[in-house]
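Working notes, structure below.
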Amino acid sequence: MTRKIFTILMCGIMVLGITGCTVPKRVNPVYADAQSTVAFLVDAIERKDAQAIKDKFSPYAQSSIDNLDEKIDRLIEEFPGWNDDYELSDTFERWSNHGKITYMLTPSFDFEVDGKTYRMRIIYYKKSDEDESKLGFYSIQIMDLHASDYSSGVYMHGVNDDPDILLWDYTK
């Protein structure tokens with residue numbers, strides 16, 4: 001009897017596999033959020049929609065970044081292009097302070113265009129009980145990973161740095 005049940009189950013599994021019926025994969029919500037964020041940004045860059053990009057920045061970042069409009073224009077003008085073959089470093093930070101929650105995503109995307117490898121990092125707040133003016137984009141950085149002529153002190157921008165848009169070696 002056990003052998004019959006096992007055979008029937010195996011046949012059922014094979015039929016489901018052949019017909020393409022599979023159990024849906026669970027999607028990591030942090031990864032999905034990072035994916036949709038980069039898709040939005042690349043789409044806005046390709047459409048040359050500076051206002052859409054600016055609107056994604058938090059009120060705090062908008063008031064803190066010097067020459068934000070010019071930096072967004074430069075981002076659009078100098079963006080090297082995009083392809084769907086990229087590597088995502090799925091990172092996030094979350095901390096609490098006396099029951100107040102801060103949730104910030106910091107995904108970095110490595111992508112190749114015309115034989116050059118770039119890294120784009122977007123830092124954005126998803127939740128901030130302590131300061132709601134920080135909700136939204138905080139920082140965008142793009143750098144050529146294999147350039148040898150960066151100015152000294154070039155590093156990957158972090159959550160403890162002031163909000164900004166940093167492109168290439170920041171001195172151009």
Any non-hydrogen side-chain atom of [X] less than 4.5 Å from a side-chain atom of [Y]?
X: L105; Y: I123; result: no
X: D129; Y: T102; result: no
X: Q62; Y: L68; result: yes

Exercise. Quick one: is the NZ or CZ of K134 closer than 6.0 Å to the six-membered ring centre of Y60, and within 45° of its axis?
Worked result: yes
For this session: Kindly indicate whether a cation-pi arrangement holds for K56 with F40, taking the cut-offs as under 6.0 Å to the six-membered ring centre and within 45° of the axis.
Result: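 Yes; both conditions hold, so K56 lies above the ring face of F40.
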What distance do [X] atom [atom1] and [Y] atom [atom2] have between them, rounded to the nearest 0.5 Å?
X: S128; Y: M104; atom1: OG; atom2: CE; result: 8.0 Å
X: D164; Y: D66; atom1: CG; atom2: CG; result: 7.5 Å
X: L166; Y: K71; atom1: CG; atom2: NZ; result: 6.5 Å
X: I165; Y: S139; atom1: CD1; atom2: OG; result: 8.0 Å
X: I101; Y: K127; atom1: CD1; atom2: NZ; result: 6.0 Å
X: K54; Y: D73; atom1: NZ; atom2: CG; result: 10.0 Å

For this session: Determine, step by step, whether V42 and F79 satisfy the side-chain contact (heavy atoms from CB on, under 4.5 Å) criterion, reporting the C-alpha distance in whole Å, the side-chain angles of both residues, the deciding distance to 0.1 Å, and the verdict.
Result: CA-CA 9 Å; V42 170; F79 191 70; 4.2 Å; yes
Looking only at non-hydrogen atoms, find the nearest pair between [X] and [Y] and report the distance.
X: I65; Y: F57; result: CD1-CE2, 3.9 Å
X: I53; Y: A44; result: CG1-CB, 3.6 Å
X: I45; Y: I76; result: O-CG2, 3.9 Å
X: G81; Y: V113; result: O-CG2, 3.5 Å

Exercise. Looking at residues at least two apart in the chain, or sitting in another chain, which of them share a ring pair (Phe, Tyr, Trp, His ring centres under 6.0 Å) with Y86?
Worked result: W82, F109
Problem set entry | Those residues that, when tested against Y118, pass ring pair (Phe, Tyr, Trp, His ring centres under 6.0 Å) (two or more places apart) |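 Partners of Y118 by the ring pair (Phe, Tyr, Trp, His ring centres under 6.0 Å) criterion, ordered by chain and then number, come out as F111, W168.
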For this session: Report the C-alpha distance between L41 and F137 in whole Å, list the side-chain angles of each, state the deciding distance to 0.1 Å, and finish with yes or no for side-chain contact (heavy atoms from CB on, under 4.5 Å).
Result: CA-CA 11 Å; L41 182 59; F137 280 13; 4.3 Å; yes
For this session: Applying side-chain contact (heavy atoms from CB on, under 4.5 Å) between Y124 and each of I140, L135, D33, report the one that passes.
Result: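 Output: one option passes, namely D33.
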For this session: Report the residue from E77, E78, E70 that forms a salt bridge (Lys or Arg N to Asp or Glu O under 4.0 Å) with R74.
Result: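 Of the listed residues E77, E78, E70, the salt bridge (Lys or Arg N to Asp or Glu O under 4.0 Å) partner of R74 is E78.
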Exercise. Do you see a donor-acceptor pair shorter than 3.5 Å between the side chains of Y125 and S58?
Worked result: no
